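Quantities reported herein were computed from a predicted structural model and do not represent experimental measurements. These numbers come from the heavy atoms of this one structure, side chains and all, not from hydrogens, waters or symmetry mates. Chain naming here is simple, since letters A, B, ... match the order of the sequence lines and numbering starts at 1 in each.
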Amino acid sequence: DQQVKQNSPSLSVQEGRISILNCDYTNSMFDYFLWYKKYPAEGPTFLISISSIKDKNEDGRFTVFLNKSAKHLSLHIVPSQPGDSAVYFCAALSGGSNYKLTFGKGTLLTVNP
Amino acid sequence: GAGVSQSPRYKVAKRGQDVALRCDPISGHVSLFWYQQALGQGPEFLTYFQNEAQLDKSGLPSDRFFAERPEGSVSTLKIQRTQQEDSAVYLCASSLRTGRNHSPLHFGNGTRLTVT
């Protein structure tokens, strides 16, 4: 069963608008969450993370929100740029492990000029 | 080097052949990971090394999969008697450390294995 779910396989937004990527998880033991970005034929690159003791973390155009009661997190990108077009993976770490990441299936974001 | 380097980039193997995939992590990175990414899926954990010690191999799908990191630097993932279901991108990642102050994983570009 998928413990980290990204239910939208793809998302298309206009340049300059906000992109919102969603992620749900089922494992209550997850306490640290990360977003990775992946371009074709490259490995994923780390984007931003959040600990379960916070509900928001911001880094430039990227903000991650965590709603623990709903077991839901989201990544906001504003303003979106064409270079943001990539696959975005949500990943989680369990409190019982400090190294084994569980990834979602990813969401393909396309930002149209 | 500047990043994690994996070779070969692409590998085609006939079913039943053995393959060896190489990973050169970022210099000084203690932790090394192998992940498998099937088409349309997210990466799935295979195994984890801290220096030369393989601390977790719980994600290896079968005993046909074997990984080593004998000197705590370069790592090799070996797959014996390859099967079609082994076709995937194999990603290597390294990090400076592990722990709650998580050091993000730096991934290589992967080796795409196709078993025919």
With a 4.5 angstrom heavy-atom cut-off, could you sort out which part of B:R9 is near chain A: side chain, backbone, both or neither? side chain
So which part of B:Q37 gets closer than 4.5 Å to some heavy atom of chain A, the side chain, the backbone, both or neither? side chain
For the rings on B:F107 and B:F33, is their centre-to-centre separation under 6.0 Å? no
Could you tell me how the ring of A:Y25 sits relative to the ring of A:F33: parallel (under 30°), tilted (30 to 60°) or perpendicular (over 60°)? tilted
State whether B:D18 and B:R64 are salt-bridged, where the test is any N-O pair (Lys NZ or Arg NE/NH1/NH2 against Asp/Glu carboxylate O) under 4.0 Å. no
Can you confirm if the aromatic rings of A:H76 and A:F62 lie within a centre distance of less than 6.0 Å? no
What residue in A:A41, A:A91, A:G104 has the most heavy-atom pairs under 4.5 Å with chain B? A:A41
